[in-house]
Amino acid sequence: MSWRRGRPLSLTLRVALLLAAVSVASFLAVGAYLYHTLQRQMSSRDDVELIVKADQVRHLIAGMPSAEAVRREAHALKDTLYGHNDFMLRVNAADGKPLLQTAVTSRPLPQVDSVPAQRALTLDDIHDWQPASGVGRMVRATGQAGADPVQVTLARERSDRLQVLRVYAGDLLLALGGGALLATLLGYVIVHRSMRQLRSVVAKANDISTSRMNTRLSVQDAPVELRELGAAFNAMLNRLEDGVQRLSGFAADLAHDMRTPLNTLMMETQVALSRARTVEEYQALLASNFEEYERLSRMIDNTLFLARVDNAQLALKREPLDLQAELQRIHDYFEFLADDAGVRLGVEAEPLRASIDPVLLQRAVSNLMANALAHTPAGGAVTLSARQGEEGVEIAVANSGPGIDPAHLPHIFDRYYRADQARSAGAGLGLSIVRAIMELHGGNISVASQPGLTTFSLRFKKI
Ligand SMILES: Nc1ncnc2c1ncn2[C@@H]1O[C@H](COP(=O)(O)OP(=O)(O)OP(=O)(O)O)[C@@H](O)[C@H]1O
Ligand SMILES: [Mg+2]
């Protein structure tokens, strides 16, 4: 079973382990470098020492009259090695007879060439040899005692040097282990501390509910890496809060607007039932109720339409339309209403074609027409027009009348906003539906109003 199948490692532990691996690798590299440098330095210093001692011995021998004198003056030669127990000095006469021997080597020395008496010793004259433990170094040179040549052999066992190196390597490894452990622990503590900010994000996120959506993360003092996350989180909260607020406002407005016609219905019915009525009275009541039912039904229909637009459930079905014909149809539909209200209704349309959803176009223009008729006093005029604009077709509904108070203008496209509650019997949804339809088409709606003339313009982009 590998740990991958279980819970994944925490980020803190991962970073700490990574730090440990990195520090072990770098400690190992530095340790190996230090070890080899020391080893190289020790062996070259040992070789130099061997040459110096051999030269010293040759020099002393050169001051002696004969090979026999070497035997007599042995103590002077031995003194040169004072304090160096790992050295072995042997001097032989030309016939091989030993003249001096300080110690016996653990293994016999190999036969190597002797450096001639006149030549100075160099590092190249030093040879390896194999003692019982470790490695040894040796040099063999000819010395001149008066007229007698003698052979000087100086050898050294380096087992104590190797012992020093071994201890050094052990110490290095110990330091490496300790360093890696320290790096891991420190890494863990540091990462754990840095994660505090992340944990505060989690705590804040846990603290948020639909009734408490005003909590935001403080991004200023967060580290750069978390700042982006915090900003995205806050932006998401803004959108959510906006959505929740709109939804609850929507529900409250809807409930409020439905209550009015429902209260009217209940009251009228109650009054009617309080005593016996004539058939005519009942008929009048039902007719009045019918108006309220219609209003309720329109309100629910409009609300549902906007909800579908909000949820992007409404698919646009564009068709190439003859705008002149479309506007004429709408004109004909509203003609009777206009006549009733004593309002002149006119169409001014160029022969135009555009790709627009016919059902939605009819709904948008009808909403504008209904508003225009409702706000045009008897004797006024409503004009429906279409023309080719710079970016696409432009449809306008203009009406005479007092116009819209500039204070109301910025709000009339808001849902449930009614400028003068007395005149408008609607719910204040008509214009927000027109705007939603224009947004669906990638177009826009604008209004220009002054006393005497109010014009709503729909601009459709060319596609
Ligand atoms: N042509 C207009 N002249 C004067 N005021 C207007 C005109 N069109 C709209 N308004 C004002 O803008 C407000 C918002 O219009 P909107 O169509 O959204 O709602 P409504 O007509 O009141 O209700 P609904 O359309 O939902 O039945 C209206 O209440 C009205 O005061
Ligand atoms: Mg309206």
Side-chain angles (χ1 to χ4, degrees), residues 246 249-262 264 290-310 327 330-331 333-334 337-338 341-348 360-385 394-440 444-458:
R246 271 224 316 254
F250 201 56
D253 286 341
L254 182 65
H256 177 265
D257 277 272
M258 283 179 73
R259 210 170 47 187
T260 314
L262 275 177
T264 313
F290 184 74
E291 262 174 44
E292 295 296 327
Y293 289 138
E294 231 184 352
R295 222 179 119 189
L296 268 175
S297 156
R298 199 152 38 92
M299 201 185 300
I300 290 169
D301 180 52
N302 284 344
T303 305
L304 279 179
F305 179 85
L306 283 172
R308 278 168 63 210
V309 173
D310 278 351
L327 294 196
I330 296 171
H331 166 272
Y333 178 81
F334 280 96
L337 262 175
V343 172
R344 260 178 300 116
L345 199 56
V347 180
E348 293 169 11
L360 295 186
L361 174 74
Q362 202 198 338
R363 186 162 195 157
V365 178
S366 298
N367 279 356
L368 294 181
M369 288 293 288
N371 284 351
L373 285 174
H375 293 92
T376 308
V382 171
T383 315
L384 193 53
S385 64
E394 217 177 288
I395 295 173
V397 177
N399 70 284
S400 59
I404 306 170
D405 187 330
H408 293 304
L409 272 186
H411 307 292
I412 54 171
F413 296 105
D414 293 349
R415 286 177 193 184
Y416 298 107
Y417 190 86
R418 289 180 297 165
D420 69 288
Q421 317 242 344
R423 192 176 273 272
S424 160
L429 287 175
L431 286 178
S432 42
I433 286 178
V434 181
R435 188 174 62 173
I437 289 174
M438 292 316 292
E439 278 168 4
L440 275 176
N444 62 57
I445 177 170
S446 65
V447 58
S449 184
Q450 62 202 49
L453 186 69
T454 300
T455 311
F456 283 88
S457 308
L458 308 180

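Note that ligands are numbered from 1 as they come in the structure, with each ligand's atoms numbered from 1 the same way.
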Examine ligand 1 and decide if any of its atoms is less than 4.0 Å from a heavy atom belonging to Phe456.
yes

For Asn399, is at least one N or O under 3.5 Å away from an N or O on ligand 1?
yes

Gly428 N/O to ligand 1 N/O under 3.5 Å
yes

For Tyr417, which part has a heavy atom under 4.0 Å from ligand 1: side chain, backbone, both, or neither?
backbone

Mind checking side chain to side chain contact (heavy atoms under 4.5 Å, CB included) for Ala341 and listing every partner two or more places apart, or none if nothing turns up?
Val343

Report the part of Leu368 in contact with ligand 1, treating N, CA, C, O as backbone and CB onward as side chain, heavy atoms under 4.0 Å; options are side chain, backbone, both, neither.
neither

Run the side-chain contact (heavy atoms from CB on, under 4.5 Å) test on Leu431 and Phe456 for me, step by step, so that the C-alpha distance in whole Å, both residues' side-chain angles and the decisive distance to 0.1 Å come before the verdict.
CA-CA 10 Å; Leu431 286 178; Phe456 283 88; 3.8 Å; yes

For Ile412, counting its heavy atoms only, list the atoms of ligand 1 lying under 4.0 Å from any of them.
12 (O), 14 (C), 18 (O)

Specify side chain, backbone, both or neither for Leu429, according to which of its non-hydrogen atoms lie closer than 4.0 Å to ligand 1.
both

Derivation and outcome, side-chain contact (heavy atoms from CB on, under 4.5 Å), residues Leu384 and Leu368
CA-CA 10 Å; Leu384 193 53; Leu368 294 181; over 6 Å; no

Under-4.0 Å heavy-atom contact with ligand 1, by part of Arg418 that carries it:
both

Indicate yes or no: does an N/O atom of Gly430 lie under 3.5 Å from an N/O atom of ligand 1?
yes

Do side-chain atoms of Ser449 reach the backbone of Ile404 as a donor and acceptor pair under 3.5 angstrom?
yes

Using heavy atoms and a threshold below 4.0 Å, how should the contact between Arg298 and ligand 1 be classified: side chain, backbone, both, or neither?
side chain

For side-chain contact (heavy atoms from CB on, under 4.5 Å), just list the numbers for Met369 and Leu345, CA-CA rounded to whole Å, side-chain angles, deciding distance to a tenth of an Å, and then say yes or no.
CA-CA 10 Å; Met369 288 293 288; Leu345 199 56; 3.4 Å; yes

Does Asn367 put an N, O or S atom under 2.8 Å from the Mg ion (ligand 2)?
no

Taking side chain to side chain contact (heavy atoms under 4.5 Å, CB included) as the test, write out the residues that go with Arg344, two or more places apart.
Ala381

Return the option from Asn371, Asn302, Thr454 holding the heavy atom at the smallest distance from atom 17 (O) of ligand 1.
Asn371

How many angstroms lie between atom CE of Met438 and atom OG of Ser446, to the nearest 0.5 angstrom?
9.5 Å

Under 3.5 Å: donor-acceptor pair, side chain of Ser297, backbone of Tyr293:
no

